[in-house]
Structure formats: structure tokens, C-alpha cells
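Reviewing the structure listed below.
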2 protein chains.
Amino acid sequence: MDDQETGPLKSIADLARLAGVSVSTVSRALTGKGALSKGTRGRIQALADRHGFRLNVAAQNLRLGRTGAIAVLMPLGLARGLQLSDPFLVTMLGFLADALTDRGYDLLLSRVSPDRDDWLDAFIRAGRADGVIIIGQADQGAVLGRVAAHYRPMVVWGEQGAGGGPAMVGADNEAGGRLAAQHLVERGRRSLAFFGDMDVPEFAARHAGFLAGLPASLRGGVALICSPLTPEASHAKARDWFAAGNRPDGIFAASDVVAMSLVAAAADHDLRVPQDLSIIGFDDIPLARLARPPLTTVRQDIEAGAHHLVDLLFRRIGGEDAGSVQIAPELIVRETS
Amino acid sequence: MDDQETGPLKSIADLARLAGVSVSTVSRALTGKGALSKGTRGRIQALADRHGFRLNVAAQNLRLGRTGAIAVLMPLGLARGLQLSDPFLVTMLGFLADALTDRGYDLLLSRVSPDRDDWLDAFIRAGRADGVIIIGQADQGAVLGRVAAHYRPMVVWGEQGAGGGPAMVGADNEAGGRLAAQHLVERGRRSLAFFGDMDVPEFAARHAGFLAGLPASLRGGVALICSPLTPEASHAKARDWFAAGNRPDGIFAASDVVAMSLVAAAADHDLRVPQDLSIIGFDDIPLARLARPPLTTVRQDIEAGAHHLVDLLFRRIGGEDAGSVQIAPELIVRETS
DNA sequence: CTGTTAGCGCATTCAT
DNA sequence: ATGAATGCGCTAACAG
């Protein structure tokens with residue numbers, strides 16, 4: 001062992017000195033690129049290993065003109081807690097982390113506040129990431145459309161807008177809404193309500209599909225309640241609504257969290273689910289089946305969505321002009337309907 | 001407007017040329033550091049704004065010898081699904097993202113597989129982050145202890161081990177276990193069980209506290225069931241256990257997810273909660289109060305935990321030799337007990 | 001108050 | 001097969 005106390009190796013220059021070769025040789029040995037005699041390469045790799053030396057990723061990236069990271073942005077803005085407390089988002093985040101690390105990329109999680117109109121441009125120009133995945137367009141459709149026109153490596157999870165917008169991946173929310181409608185009608189429900197925030201395009205599409213799936217005779221009577229999305233707030237909203245005397249026999253909730261809040265609020269008012277009232281959610285988060293009673297819901301395949309997002313992004317990074325993807329939703333009948 | 005088509009500005013050199021000043025002047029103007037006449041600064045900032053120019057964060061960080069990112073690592077390894085689906089982790093992640101972005105840092109989310117013994121050293125030496133937050137030590141206590149000896153900017157969420165380990169933040173799991181025990185005893189429960197995975201130090205401490213909080217007469221009779229942590233798997237485990245004829249009257253679950261699975265499984269077997277069986281969880285995830293019946297649980301304050309983690313980390317980055325923090329748990333009595 | 005210069009750690013031409 | 005030299009975009013002495 002010529003392994004004397006040389007102090008920590010800070011850069012390939014140190015290692016080169018130690019090995020008696022040039023920095024470029026070390027670089028070639030450690031990256032595996034370029035021609036190099038097998039002996040030298042092995043010797044240098046062994047030396048690096050012994051000293052616990054690793055290439056500095058930041059410097060490497062600067063030199064290569066990349067960052068090695070993909071940003072995941074959730075511009076949900078409003079309530080701070082909201083963006084990350086929703087089990088759907090979180091599940092999505094986990095699958096994205098898996099898919100990205102599989103490709104050797106880091107996941108840069110940023111909470112951005114869409115206060116100024118150029119929040120996205122500013123983020124992109126700062127050059128922190130090689131691509132951007134946006135989860136939930138919220139009310140930022142205009143910004144996304146504008147940026148998409150000149151920035152390719154970006155994909156958005158959400159409801160497909162009119163053509164020409166950003167590359168999107170999302171469930172077919174309208175079809176999901178129709179599924180919910182047909183199911184409630186089959187169950188003989190007649191007095192219906194929709195709980196959700198119509199400012200969110202996904203939810204608006206679910207609502208539109210819900211109406212479209214109903215016979216014309218019922219369509220006019222559907223109550224539309226603008227509900228918040230957090231467990232606490234949606235529970236409060238639902239309780240107030242029942243307290244005001246509203247007694248529908250079928251409710252379609254924009255998300256499973258809202259649906260679970262409705263089940264809880266119904267119990268507070270001695271409404272039996274599903275005997276007196278059918279409730280159906282959207283998402284099929286893992287906890288939906290654990291709820292009591294287990295939640296009937298429209299499932300969107302989050303894992304498939306994450307994979308599509310990442311695939312699409314890397315296709316676009318690779319120069320391909322890949323377009324949007326839509327995922328078919330599926331009705332999962334459990335015991336709240 | 002002297003704003004001709006000059007093409008996109010790639011670097012401060014371009015901007016300097018455009019403004020007729022030197023690069024250092026531009027740098028000073030844009031960073032706000034160093035002395036500069038108010039006029040020049042304003043002029044350059046306006047110019048940068050007009051052209052949509054932003055400093056390249058990667059280059060800035062390389063020069064400053066930092067990365068501007070904090071890594072959050074979850075070495076939970078075992079089941080892939082686990083890290084993603086557990087609402088506790090996800091909630092923690094959200095609060096961490098908030099706390100870090102408040103300090104101007106990015107959150108680098110990495111799923112590391114602790115397969116080799118040097119996974120952590122390798123990650124650190126790659127220089128991708130200025131500090132590391134580990135969520136859940138799992139079975140990596142030895143690795144963490146070794147690394148902590150020579151790497152300061154690291155904090156770990158979890159159960160405090162014997163002295164000398166890494167800087168830790170965590171709930172007082174043993175105290176939490178005692179709380180649960182006392183509560184069940186007060187409710188008159190005598191035939192008790194604990195559901196959890198004893199390989200996870202946090203859970204082992206909860207179990208130990210649970211036993212410690214029981215009168216000696218009951219301590220010997222506590223069943224210990226090694227349960228998985230995901231909704232699906234824990235539900236299956238619980239159902240099988242009830243199916244085998246086990247009929248305790250009080251169960252302490254290692255996490256809320258496990259507790260909710262137990263409630264669901266109990267219903268499958270026509271056990272009434274809480275009349276026949278008291279169930280108490282741990283965490284107080286947001287959905288705990290929405291469960292039917294709302295879940296009695298031992299609350300750990302996740303937001304406070306996240307803030308402590310970040311505080312502690314930056315203290316250590318700043319050279320302070322700040323030590324561990326323990327958070328007092330709180331019994332939240334709802335309707336499953 | 002502003003400009004010149006020397007790197008941060010690395011990858012890559014171009015020589016040899 | 002290897003070495004020398006250049007620069008990715010930026011900041012911070014050091015001069016003036």
C-alpha cells in the first residue's frame with residue numbers, strides 16, 4: 001500500500017498527482033469514456049476506490065451543460081399545506097422519484113408560488129434542472145401554454161386543454177365523471193350533488209362528464225358545491241352543508257379525500273352510507289379501500305401516469321416531438337354506493 | 001429601447017457586453033453583493049429583467065463551493081411501495097420542502113437502496129447536496145453512526161440510539177407507547193396486542209414503552225404481531241390474524257395506517273370498535289380523524305419535527321455542534337377506543 | 001465605484 | 001495511449 005496520509009482527495013488533480021498521470025487520464029479512467037489502456041484504467045479506479053474519491057457531480061454537470069436533475073413543480077399555491085398533504089400528489093411524487101432515479105436523474109422538489117406571471121420562466125432560466133414536470137396546472141394554464149411554446153422539456157399532469165398547449169399526461173376526467181354518473185343512476189339515485197373546486201380544470205372536467213353521463217331529466221337538478229380539498233376544510237364544508245338540511249341520495253366527490261370527508265360528515269348527521277346516500281370518489285388512493293365503509297371511487301392509475309410523464313419528458317429532451325397521453329379511468333365499486 | 005435582437009443572453013459576459021460594463025459589475029448588480037452605484041445597479045437589473053436573464057445557479061454554486069440543495073434520503077429499502085405510500089413520510093416531506101425553500105434551498109429527493117455498506121459515503125462524496133436529512137434509519141443505524149463521525153451536516157429522523165450516534169430528531173416513542181398503554185388500561189382493556197415491525201427502531205421503542213406502561217400483571221400477556229406497514233399488506237395480516245380466532249380487546253398499532261387496517265379487518269370479522277375492541281394508532285396523520293370511526297392515536301407533531309430537522313441541520317452546517325431533539329407525543333382520544 | 005484576473009472541478013479538443 | 005490547454009458561468013480578491 002502506497003497509501004500514505006495524503007489528506008482527502010478534493011479533485012481529479014489530487015488523484016492525478018497521486019497516480020503520476022494527468023488529469024485527463026484520470027477523467028477518462030473514471031468516466032469510462034475515451035480510449036485508455038486497460039491497465040491504467042484499472043489502476044486509477046482502484047486508487048480512487050481506496051481513497052473514497054468520487055467525481056464531483058456539480059462540476060461534471062456544469063462542464064457538460066446539464067444539471068442531472070428534473071424539477072417537479074406543484075403550483076397549487078393557495079394553501080401551503082395543500083400541495084403536499086394530498087395523498088394523490090404524494091403517491092405520484094413517489095412513483096416519479098422511482099422512475100427518475102431509475103434513469104439516473106435526481107428529483108428536485110420545488111414549491112413555487114405562482115404569484116408573478118413569470119414564475120415558470122424564472123425557474124427555467126435559473127438552469128436548475130434539465131426538465132420540468134408540473135403536477136396540477138391549477139389556474140396556471142395560460143402560463144403553461146405560453147412557456148410550452150418555447151421550452152420543450154416540460155410535461156404537465158392534468159386535464160388536456162384545447163390543442164397547442166403543453167404536452168400533457170392525465171386521466172380522462174370526463175370519462176371518469178360519466179362512469180360515476182352511470183353508476184349512481186344504476187343504483188337508483190336521483191337527487192345528486194357534486195363536491196369539488198371548479199377552478200381546477202381536472203375537477204371541472206369530472207363535473208362536466210358527470211352531467212353528460214346523466215339522463216337529461218336528472219341533469220338540471222345536480223347541486224354543485226364548491227369544496228376545499230384538504231381533509232379538515234372539506235369535512236367542515238360537508239358538515240355545514242348537511243347541517244343546512246341538504247339531503248341528496250348520491251354524491252360524486254372530486255377526490256377521494258373529499259369523498260372520505262363526506263362519509264365522515266354524513267355519519268355526523270346520522271345519514272347511513274350507502275343506504276340513505278351513495279358516495280363516490282375519484283383517485284383510488286391507497287387508503288380508499290381501508291376506509292369504513294371502503295370507498296367506491298373512480299381509479300386513475302397513478303403509477304402508469306408517472307411512467308408516462310417521465311417517458312414523455314425524456315422523449316422531448318431527446319428532441320422527439322412527443323405529444324400528450326390520456327389514461328382511461330376505471331370504476332372501482334366498494335361499499336359507499 | 002436599445003433592445004435590438006441580440007439573441008438570448010447566455011451568461012453575464014453577454015449582458016456585460018450589452019451594458020458596456022465588466023462581468024464583475026454585472027455580477028455585483030445581480031447578486032446585490034459588493035459596492036456599486038445605485039444607478040448602475042438599477043440599470044443592469046432592468047436590462048437583465050428586460051431580456052429575461054437569470055444567473056445560472058449551477059455555475060454560481062460551483063464557484064461558491066456549495067450546491068444549494070439539501071438531500072432527503074429514505075433508506076427504507078425493503079418494500080418499494082412503503083416509502084411512497086405512507087402518509088406520514090409524505091406529510092413530512094411536504095413540511096421539509098416548505099422549510100427548505102424558505103431558506104432558499106432546493107430539496108433533492110433520492111431513493112437510495114442501502115445495498116452496499118458505503119451507499120451513504122458514496123452519495124455524500126458525489127457532492128450533490130450541502131447537507132443530508134435521513135428519514136427513517138431502518139436497519140442502517142451502523143452506517144449512520146459511522147458516517148456521522150466524520151460528516152457533520154447530517155440529521156436523522158427517528159429513534160434516538162445510544163449516545164454518540166448521528167444528530168437525531170424524533171418523537172419520544174417510548175413515552176408514546178406508555179401513553180397508549182395507560183389509555184387502554186383506563187378503558188378496562190386486559191387482553192392486549194401490539195402490531196408492528198420490530199426491526200424498525202421507532203416501533204421497537206413504541207412497543208417497549210407500551211409494555212413499560214402496563215401493570216406487571218398484564219405485561220406478560222401482550223401478543224406481539226409482526227405486521228407490514230402498507231395498507232394492503234397490513235390489512236391482510238390483520239384479517240388473517242382475526243381469522244385465526246384471536247380476540248383481544250385492545251390493540252396498539254405501530255402506525256395509523258396499520259391501525260386503520262386493523263379497524264377495517266375487525267369490521268370484516270364483525271368485531272365492533274370500540275365496543276368489543278379498542279384500537280389505538282400512532283402518528284395522527286391527517287386522515288386519522290376522517291376515518292370511521294375517527295381514530296384514537298398517539299400524535300407526533302410532524303410539522304414541528306420537520307422544522308427541528310431543518311434547524312438542526314443548518315446549525316450544524318454553520319459549525320455549531322448542535323445535538324439531538326426529542327418531541328413529546330400527545331394522546332388524541334377519538335372513537336376507536 | 002469599477003475593471004482585470006484567477007480559479008471552482010471537470011470533460012474535451014488537439015497535440016504528441 | 002496519454003498530456004497540455006481551454007472553458008462551462010460565475011464570484012472574489014486585488015488593483016486602480
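Heavy atoms only: backbone and side chains are in, while hydrogens, waters and symmetry mates are out. The chains referred to below are lettered A, B, ... by the order of the sequence lines, with proteins before strands, and numbering in each begins at 1. No experiment lies behind these values; they were computed from the predicted model shown.
- Here dC8(D) presents its C1' atom at 4 Å from CG of L62(A), a figure rounded to the nearest Å.
- Evaluation of atom-type donor-acceptor distances gives a pair under 3.5 Å for the side chain of R28(A) against the base of dG3(D).
- Whole-Å rounding puts the L64(A) CG to dT6(D) P distance at 20 Å.
- Among the nucleotides dT11(D), dC8(D), dG3(D), the one closest to any side-chain atom of S22(A) is dG3(D).
- Both tests pass for R66(B) against the ring of Y105(B): distance under 6.0 Å to the centre and angle within 45° of the axis.
- Contact annotation for S27(A): base contact, defined as any heavy-atom pair under 4.0 Å involving a base atom.
- Between D121(B) and R146(B) there is a salt bridge, since at least one side-chain N of the basic residue sits less than 4.0 Å from a carboxylate O of the acidic one.
- Within residues 30-43 of chain B, the residues approached by DNA chain C to less than 4.0 Å at the level of any non-hydrogen atom are A35(B), L36(B), S37(B), T40(B), in residue-number order.
- No option in L47(A), I12(A), I44(A) other than I12(A) meets the side chain to side chain contact (heavy atoms under 4.5 Å, CB included) test with F53(A).
- Between S24(A) and S27(A), the side chains place no donor N or O within less than 3.5 Å of an acceptor N or O (distance only, hydrogens not considered).
- Residues L73(B) and F123(B) are in side-chain contact: their nearest non-hydrogen atoms beyond the backbone lie under 4.5 Å apart.
- Residues forming a salt bridge (Lys or Arg N to Asp or Glu O under 4.0 Å) with R103(B) (at least two apart in sequence, or on another chain): D311(B).
- Atom CG of L55(A) is separated from atom P of dC8(D) by 21 Å (rounded to the nearest Å).
- With respect to I134(B), the side chain to side chain contact (heavy atoms under 4.5 Å, CB included) criterion is satisfied by exactly one of V155(B), L120(B), V72(B): L120(B).
- Ion pairing between a basic and an acidic side chain is recognised when a charged N comes within 4.0 Å of a carboxylate O; R315(A) and D321(A) show no such pairing.
- A donor and an acceptor atom, one from each side chain of T67(A) and N61(A), are nowhere located under 3.5 Å apart.
- Nucleotides of DNA chain C nearest to R54(A) and S24(B) differ in position, and the one nearer the 5' end is that of S24(B).
- First and last contacts of DNA chain C with chain A, using any nucleotide atom under 4.0 Å from a protein heavy atom and ordered 5' to 3', fall at dG9(C) to dT13(C).
- For K10(B) and dC10(D), the NZ to P distance is 10 Å, given to the nearest whole Å.
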